[in-house]
There are 2 protein chains.
Amino acid sequence: MPKSKRLMELMMTVNRKRRFKVGELADEFNVSTRTILRDLQELSELGVPLYSEVGPHGGYQVLRERVLPPIAFTEGEAVAMFFAVHALRHYSSLPFDAESASALSKFYLHMPGDIRDQIDRMKERVDFVSPTRRGDAPHLSVLLDAAVHQKVLTITYESKSEGTTSRQVQPVSLYAHNGFWYCTAYCFLREGIRVFRCDRIRDASPGSAEPLKLSDIRLSRQEVVLPTDPVRLQAKLTRIGTQRCESELWLSPHLHVREDGTAEIDVEVSRSEIPFYTEFFISLGKEAALIGPRELKAAIRKHLAELLENYQEG
Amino acid sequence: MPKSKRLMELMMTVNRKRRFKVGELADEFNVSTRTILRDLQELSELGVPLYSEVGPHGGYQVLRERVLPPIAFTEGEAVAMFFAVHALRHYSSLPFDAESASALSKFYLHMPGDIRDQIDRMKERVDFVSPTRRGDAPHLSVLLDAAVHQKVLTITYESKSEGTTSRQVQPVSLYAHNGFWYCTAYCFLREGIRVFRCDRIRDASPGSAEPLKLSDIRLSRQEVVLPTDPVRLQAKLTRIGTQRCESELWLSPHLHVREDGTAEIDVEVSRSEIPFYTEFFISLGKEAALIGPRELKAAIRKHLAELLENYQEG
DNA sequence: ATAATAGTGACAATAATTGTCGTGAATATA
DNA sequence: TATATTCACGACAATTATTGTCACTATTAT
């Protein structure tokens with residue numbers, strides 16, 4: 001086997017094994033231990049994080065961030081990766097932010113100039129308008145890691161109704177919706193699946209509880225959103241108002257659209273979400289006519305009056 | 001220079017030059033032409049699409065889809081690429097669909113099994129809820145290519161008001177908004193910038209008109225028409241207001257963001273757009289403090305008063 | 001016809017890789 | 001403390017890979 005090929009296979013082998021002895025590899029590859037030693041030194045120079053200990057029970061280990069063997073991509077594949085990462089740029093505090101940036105810079109570095117230009121132009125000419133991000137979610141990476149590896153976390157959560165609480169949870173899934181990140185998790189405090197708004201998680205650290213096997217739950221989030229302390233939200237929408245609301249995912253299932261393009265909203269919502277709906281209806285302006293609830297009308301009036309105050313000639 | 005390194009550099013060089021002669025490269029790399037010939041044969045075997053012609057004015061060419069030199073990514077970078085592509089899966093018929101799939105499969109192939117499992121679990125546990133896609137846009141790739149390379153297209157467009165028309169356009173930018181894809185383009189029929197809904201483009205083929213230099217237009221809808229009868233728009237934004245405005249493409253170039261996350265808007269706009277800004281600033285609520293112009297303030301006050309009227313208890 | 005260009009085969013010169021052996025050093029275990 | 005295990009390194013010869021040179025062929029534009 002030519003040396004270069006052996007090095008690549010060695011790279012994959014050590015990545016797979018994580019721990020190994022020099023003699024082992026020498027047998028597998030049918031070369032002398034001296035050669036394996038030299039090879040390992042080369043891998044080390046190529047960036048593979050190898051660590052070794054002498055003595056019985058010693059041996060080699062691959063540490064933390066492993067390095068994949070070099071892969072040759074086509075220009076189209078490289079551009080596709082830029083496209084995908086670019087599409088997500090309106091999401092901030094994403095997991096793997098740093099990693100995507102460093103991956104793209106590796107691609108960029110190996111590209112001929114004309115593709116670089118093409119990518120730069122593409123960035124200026126393509127956009128994914130996504131819901132305005134509302135609230136930072138600094139612990140997303142930790143939550144994702146816990147969801148993927150079935151770990152238990154201790155989180156400090158700031159809920160509107162209960163104030164700040166500390167509890168152990170085992171994350172199940174994460175989803176971005178309307179500019180917020182949500183985390184469904186088994187809550188050891190409430191002994192059931194709950195949904196948490198990630199921007200309200202103030203702190204997340206490893207927990208002590210024994211992880212449950214939650215593999216069957218996954219992404220099913222439909223049934224979890226039962227409103228607590230519900231109020232009935234009703235409104236009429238003009239055609240334009242209907243179009244705007246149709247694109248709001250949380251609302252569209254509750255839209256009753258008529259032949260002429262106008263629609264009605266009729267949905268049970270949590271009383272605690274009135275502040276959100278206040279802003280939402282104000283932004284709809286004259287395209288919506290709210291029927292109820294009264295509390296919401298009052299809140300909107302109050303908000304409008306305050307705004308009007310702000311806009312007095314000063 | 002060791003052979004492996006020379007091969008990688010050769011790969012980058014031929015990608016950059018696209019056309020070259022063997023003697024040229026031999027000079028650049030200080031090796032004999034015989035060696036370059038052998039090297040080129042190896043590159044060819046590695047997948048670089050080389051083509052050669054003999055005779056004067058002959059030489060080598062790199063065809064269509066070039067191949068980048070092999071790049072070693074870390075496991076984290078690879079996972080980040082999966083994450084990004086996964087995040088876009090609710091968009092169908094995206095440009096670079098096939099390319100991202102083949103890139104990911106290359107990554108997948110070179111990964112140790114435990115990262116594969118990790119990725120498979122992540123796919124089940126992370127979701128990006130985005131606006132329901134409405135309408136297919138089969139010509140996106142063609143439009144993107146035209147926007148990036150400043151090409152003119154002949155499109156068949158089905159508009160509600162005018163029925164089906166054929167016209168030449170030069171695409172400027174593409175954006176996804178609320179489940180639709182839009183294309184801003186210079187329309188040779190209307191002699192101005194227009195926005196087209198991509199799902200209403202029935203056909204797109206190369207056009208005959210001479211491309212214009214539209215490089216200055218890019219993503220900003222604002223500058224498409226230089227403000228006629230301009231007024232100076234100035235406002236201060238809170239941190240949250242800044243975040244919201246940053247995702248507005250037409251606005252973000254005119255945002256002056258401070259250290260603390262707050263920002264100021266300072267831009268010349270057309271007087272005729274005051275109705276638009278009225279709604280926009282109302283939707284920003286208390287996150288924006290408008291400084292001027294007076295007309296806008298007055299319009300906002302009027303609008304707010306009317307809204308307040310609408311929301312009186314009935 | 002001539003010059004420019006790619007392409008091939010043979011072989012010697014040169015360079016890189018590998019295996020062998022000797023030696024050493026750290027460390028767990030008996 | 002002695003011993004087995006394991007990594008580590010240097011020297012050198014044997015082996016293998018790479019390179020350059022040269023001679024030659026083939027194609028094509030001018």
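Lettering follows sequence order; numbering is per chain, from 1.
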TODO: List in numerical order all residues of residues 7-34 of chain A for which some heavy atom is under 4.0 Å away from an atom belonging to DNA chain D.
DONE: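 Within this stretch, A/Lys21, A/Val22, A/Arg34 sit under 4.0 Å of the strand.
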
Checklist line | Comparing A/Pro2 and A/Glu53 on DNA chain D - which has the more 5′ nearest nucleotide | finding: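 Nearer the 5' end of the strand: A/Glu53.
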
Judged by each residue's nearest nucleotide on DNA chain D, which is more toward the 5′ side, B/Lys3 or A/Ser52?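 Whichever sits nearer the 5' end wins; that is A/Ser52.
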
Side chains of [X] and [Y], donor plus acceptor under 3.5 Å:
{"X": "B/Glu99", "Y": "A/Thr74", "value": "no"}
{"X": "A/His110", "Y": "B/Asn15", "value": "no"}
{"X": "A/Ser105", "Y": "A/Ser102", "value": "no"}
{"X": "B/Tyr108", "Y": "B/Asp120", "value": "yes"}

field: Test item: A/Arg194 side-chain N/O and A/Glu191 main-chain N/O as donor-acceptor pair under 3.5 Å
entry: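 Checked: no pair found.
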
Could you give the NZ-to-P distance, from B/Lys5 to D/dT18, as a whole number of Å?
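Roughly 18 Å, once rounded to whole Å.
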
* Rounded off to whole Å, could you give me the CE-to-C1' distance for the A/Met1 and C/dT17 pair? =>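 Between C1' of C/dT17 and CE of A/Met1: 14 Å.
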
Does any part of the side chain of [Y], heavy atoms only, come nearer than 4.5 Å to the side chain of [X], both counted from C-beta?
{"X": "B/Phe188", "Y": "B/Thr154", "answer": "no"}
{"X": "A/Phe29", "Y": "A/Asp39", "answer": "no"}
{"X": "B/Ile71", "Y": "A/Ile71", "answer": "no"}
{"X": "B/Val172", "Y": "A/Arg125", "answer": "yes"}
{"X": "A/Ile119", "Y": "A/Met111", "answer": "yes"}

Check your understanding: So, is A/Arg6 close to the C/dT17 phosphate, meaning a side-chain N or O under 4.0 Å from OP1 or OP2?
Key ->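 False: A/Arg6 side-chain N/O out of range (4.0 Å or more) of C/dT17 OP1/OP2.
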
- [ ] Give a yes/no answer on whether the side chain of B/Tyr51 brings an N or O atom under 4.0 Å of OP1 or OP2 in C/dA6.
- [x]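 The answer is no; no side-chain N or O of B/Tyr51 sits under 4.0 Å from OP1 or OP2.
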
In 5'-to-3' order, the base (B), backbone-only (S) or no-contact (-) status of each nucleotide in nucleotides 25-30 of chain C, using a 4.0 angstrom heavy-atom cut-off, is -BBBS-

* Name every residue in residues 35-43 of chain A that has at least one heavy atom under 4.0 Å from any atom of DNA chain C, in order of residue number, or write none if there are no such residues. =>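 Within residues 35-43 of chain A, the residues near DNA chain C are A/Thr35, A/Arg38.
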
- request: Work out which heavy atom in A/Met12 is nearest to a heavy atom in B/Leu109; give both atom names and the distance.
  value: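 A/Met12 and B/Leu109 have their closest heavy atoms at CE-O, 3.6 Å.
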
